[in-house]
Asker: 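The structure that follows is given in the form of structure tokens.
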Amino acid sequence: MARDPAAIVSDAEQAAQQARALLDQPALQRAFAAAEAAYLTRIRQSDPVTGKDERETNFMLLHALDALRADLTATASGGAIARRNFRSSLNSNGRS
């Protein structure tokens, strides 16, 4: 059974609001910045010969942090996208 489109939009808007609230939190912004700085420092300061594993680990952590930030940003935009899609589907159904 398909979910009610209005419920889908409502859920997306609620998730978007929560994601925006997180992204706007100064503590989370500081934590992201501190983690990013720490990972980059570890990459830069790793031993050129024996530090390959350390560089790779910190590079993956940096990418995970970027992915988390991107996911929160996408979720924060999701409410508007769901609302626009819902309106588009209403307009399409009204024309049929």
Side-chain angles (χ1 to χ4, degrees):
M1 177 164 40
R3 286 188 63 208
D4 174 32
I8 294 170
V9 171
S10 176
D11 289 349
E13 287 177 335
Q14 183 178 10
Q17 186 178 39
Q18 291 170 347
R20 274 192 303 275
L22 283 172
L23 288 168
D24 290 343
Q25 285 292 321
L28 185 63
Q29 292 171 5
R30 283 190 302 273
F32 276 151
E36 184 174 2
Y39 301 149
L40 288 170
T41 297
R42 289 180 199 144
I43 290 168
R44 288 184 189 116
Q45 293 178 350
S46 64
D47 185 273
V49 177
T50 61
K52 179 182 175 206
D53 289 343
E54 181 183 5
R55 281 190 301 279
E56 287 180 356
T57 297
N58 283 285
F59 186 74
M60 287 186 283
L61 289 167
L62 190 58
H63 276 279
L65 185 64
D66 287 341
L68 176 59
R69 187 182 293 126
D71 188 60
L72 285 171
T73 302
T75 301
S77 301
I81 293 168
R83 193 170 40 257
R84 185 176 26 228
N85 289 343
F86 178 60
R87 286 184 187 140
S88 293
S89 73
L90 285 179
N91 291 337
S92 296
N93 290 339
R95 291 184 196 140
S96 301

Asker: Is any side-chain heavy atom of Leu22 less than 4.5 Å from a side-chain heavy atom of Gln18?
Answerer: no
Asker: Rounded to the nearest 0.5 Å, what separates atom CD in Glu56 from atom CD1 in Ile43?
Answerer: 10.5 Å
Asker: Just wondering, more than 12 heavy atoms not from Gln17 lying within 6.0 Å of its CD?
Answerer: no
Asker: Hey, could you give me each pair passing salt bridge (Lys or Arg N to Asp or Glu O under 4.0 Å) that has a residue in residues 23-43? Not counting sequence neighbours.
Answerer: Glu36-Arg69
Asker: Using the salt bridge (Lys or Arg N to Asp or Glu O under 4.0 Å) rule, collect all pairs that involve residues 9-21, keeping only residues at least two apart or in two chains.
Answerer: Arg3-Asp11, Glu13-Arg83
Asker: Looking only at non-hydrogen atoms, find the nearest pair between Ala12 and Gly78 and report the distance.
Answerer: CB-O, 4.0 Å
Asker: Supply the atom-to-atom distance Leu68 CG to Thr73 OG1, rounded to the nearest 0.5 angstrom.
Answerer: 9.0 Å
Asker: Sub-3.5 Å donor-acceptor pair from the side chain of Asn58 to the main-chain atoms of Glu54, do we have one?
Answerer: yes
Asker: Is Leu65 reachable from Leu40 through a run of I, L, V, M, F, W or Y residues, each pair having side-chain heavy atoms under 4.5 Å apart?
Answerer: yes
Asker: Can you name the closest pair of heavy atoms from Pro48 and Arg55 and give their distance?
Answerer: O-NH2, 3.6 Å
Asker: How far apart are the closest heavy atoms of Ala19 and Ala76, and which atoms are they?
Answerer: CB-N, 3.7 Å
Asker: Which value, rounded to the nearest 0.5 Å, describes the distance between Phe32 atom CZ and Leu72 atom CG?
Answerer: 5.5 Å
